[in-house]
A.B. asks: 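I am attaching a structure below and will ask some questions about it afterwards.
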Amino acid sequence: MQKILVTGAVGQIGSELTMVLRKRHGNENVIATGHKRKPYKTLLESGPFHFIDCTKINTVAEPVKRYKVDTIYHLASILSVVAEGQPQLAWNVNMIGLYNVLEVARNYKCRVFDPSSISAFGPTTPLNNTPQDTTQRPNTMYGVTKVAGELLCDYYFKRFGVDTRGVRYPGLISYKTLPSGGTTDYAVEIYYAAIKQRKYTCYLKKGTYLDMMYMPDALKAATDLMEANPAKLKHRNAFNVTAMSVAPEDFAAEIKKIIPGFTMDFKIDSLRQAIADSWPNNMDDTRAREEWGWQPEYDLESMTKDMIENISQKCKMKID
Ligand code: SER
């Protein structure tokens, strides 16, 4: 039986991944950890929860030691927009935090899942059909920490034999927990706005294509990769994974099929537009498909249907 520690368990990915892992491995075997944000009732009541600070190694080591943890899903991270506002904080949390997790993993013989992101690419990367192995010169602090994180994870694998694995997540869309301070947040906001106000003002321009993925696929990517046969992995940190390449007007058109009165206008945010322009339009995820059988289930149409159904229920609003 695995003993798993999840950092960032109160965040957008962590809040859902923790529950998936608890269902699969048993509630008591998945230790959720957060920093400041109050954990949800279900997260708190379904299994162990601890507050930690990844930048302080002892707070990471303590639950790992206490529960004899053998696998860490390290999801605590500062996203792109917040990182541009507070680059020093982002370096501290994203890099020192990861270094501490890897050191703890080395000392206590844990496996580590550490997500990278589309932000690990930059303006000099081929933006279409972005290859698995290509130029990575990001110009954001978030991207710098993600590339450095990929390298550090590979280093710990080669140098110390720590079983590290990761994926480059695209923009993640979910109805349960909101993202906090990313460039792709609009892809979640648009659904809430469509249901609550029937209109949305988008901060990215028409034609800004980015890779996106529905949360159930993102969770599957993490667990499938961690369960993959290591002998088949030629890459480790980190695999391109995508489910769809979408621009704002594509979301709007799909939403309109279910909410015909929905309208969208634009008020461009120059910071987020510049970040989005430096990221791929669509990544090539052939390596993930070949090495561990990656296959997304949701496309824009099925995701939109599910998002609208679930947010309407959550907000107790009828779609007519
Ligand atoms: N969703 C992230 C962001 O926008 C990208 O990894 O920052």
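If you read the sequence from its start, that first residue is 1, and numbering goes on from there.
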A.B. asks: Does N107 use its side chain to pair, donor to acceptor, with the backbone of E103 at less than 3.5 Å?
C.D. replies: yes
A.B. asks: Would you please name every residue forming a side-chain hydrogen bond (donor to acceptor under 3.5 Å, both in side chains) with S302, sequence neighbours left out?
C.D. replies: D299
A.B. asks: Strictly by ring-ring contact (aromatic ring centres under 6.0 Å, His included), give each pair with a member in residues 92-149 just once, sequence neighbours left out.
C.D. replies: Y73-F113
A.B. asks: Looking at side-chain heavy atoms only, is the closest gap between N29 and L21 below 4.5 Å?
C.D. replies: no
A.B. asks: Is there a path of hydrophobic side-chain contacts, each under 4.5 Å between heavy atoms, that joins V10 and L5?
C.D. replies: no
A.B. asks: What distance separates I308 CD1 from I311 CD1, expressed to the nearest 0.5 Å?
C.D. replies: 7.5 Å
A.B. asks: Suppose the criterion is salt bridge (Lys or Arg N to Asp or Glu O under 4.0 Å): which pairs have a residue in residues 173-196, not counting sequence neighbours?
C.D. replies: none
A.B. asks: Show the numbers, then the answer: is there a side chain to side chain donor-acceptor pair (under 3.5 Å) between T145 and N94?
C.D. replies: CA-CA 6 Å; T145 64; N94 296 5; 3.1 Å; yes
A.B. asks: With sequence neighbours left out, write down each residue that passes salt bridge (charged side-chain N to carboxylate O under 4.0 Å, His left out) with E62, or none if nothing qualifies.
C.D. replies: R66
A.B. asks: Between D211 and T242, do the side chains contain a donor N or O and an acceptor N or O under 3.5 Å apart?
C.D. replies: yes
A.B. asks: Residues two or more places apart in sequence or in another chain: which of them pass side-chain hydrogen bond (donor to acceptor under 3.5 Å, both in side chains) with T33?
C.D. replies: none
A.B. asks: Centres of the F251 and Y200 rings: under 6.0 Å?
C.D. replies: no
A.B. asks: Do R168 and D285 meet the salt-bridge criterion of a basic N to acidic O distance under 4.0 Å?
C.D. replies: no
A.B. asks: Got a sec, which hydrophobics cluster with L151, joining ILVMFWY side chains under 4.5 Å apart, including via others?
C.D. replies: V147
A.B. asks: Which residues satisfy the salt bridge (charged side-chain N to carboxylate O under 4.0 Å, His left out) test with E290, sequence neighbours excluded?
C.D. replies: R287
A.B. asks: For the pair D154 and N237, evaluate side chain to side chain donor-acceptor pair (under 3.5 Å) and give the outcome as yes or no after the intermediate values.
C.D. replies: CA-CA 6 Å; D154 269 348; N237 302 284; 3.0 Å; yes
A.B. asks: Going by atom types alone, do S119 and S80 pair a side-chain donor with an acceptor below 3.5 Å?
C.D. replies: no
A.B. asks: Just to verify, what does T124 make a side-chain hydrogen bond (donor to acceptor under 3.5 Å, both in side chains) with, not counting sequence neighbours?
C.D. replies: none
A.B. asks: Going by side chain to side chain donor-acceptor pair (under 3.5 Å), name the pairs with one or both residues in residues 257-268, residues two or more places apart or in two chains.
C.D. replies: T201-D265, E254-K257
A.B. asks: Run the salt bridge (charged side-chain N to carboxylate O under 4.0 Å, His left out) test against E309 and tell me which residues pass, sequence neighbours left out.
C.D. replies: K305
A.B. asks: Among residues at least two apart in sequence or on other chains, which ones pass side-chain hydrogen bond (donor to acceptor under 3.5 Å, both in side chains) with E227?
C.D. replies: R24
A.B. asks: Table please: side-chain donor-acceptor pairs of residues 41-55 below 3.5 Å, with sequence neighbours left out.
C.D. replies:
| from | atom 1 | to | atom 2 | distance (Å) |
| --- | --- | --- | --- | --- |
| S46 | OG | R22 | NH1 | 2.7 |
| S46 | OG | T42 | O | 2.7 |
| H50 | NE2 | Y67 | OH | 2.7 |
| D53 | OD1 | T55 | N | 3.0 |
| D53 | OD1 | T55 | OG1 | 2.7 |
| D53 | OD2 | T55 | OG1 | 3.3 |
| D53 | OD2 | K56 | NZ | 3.1 |

A.B. asks: Side chain of D224, backbone of G293: donor and acceptor closer than 3.5 Å?
C.D. replies: no
A.B. asks: Measure the CG-CG distance between D284 and D133 for me, rounded to the nearest 0.5 Å.
C.D. replies: 10.5 Å
A.B. asks: Just checking, any donor-acceptor pair under 3.5 angstrom between side chains of Y192 and K314?
C.D. replies: yes
A.B. asks: Does a side chain donor of either Q273 or D277 reach within less than 3.5 Å of an acceptor in the other side chain?
C.D. replies: yes
A.B. asks: When you check the side-chain N and O atoms of E16 and T177, is any donor under 3.5 Å from an acceptor?
C.D. replies: no
A.B. asks: Whether the E291 and H235 side chains hold a donor-acceptor pair (N or O, under 3.5 Å, no angle test) is what I'd like checked.
C.D. replies: yes
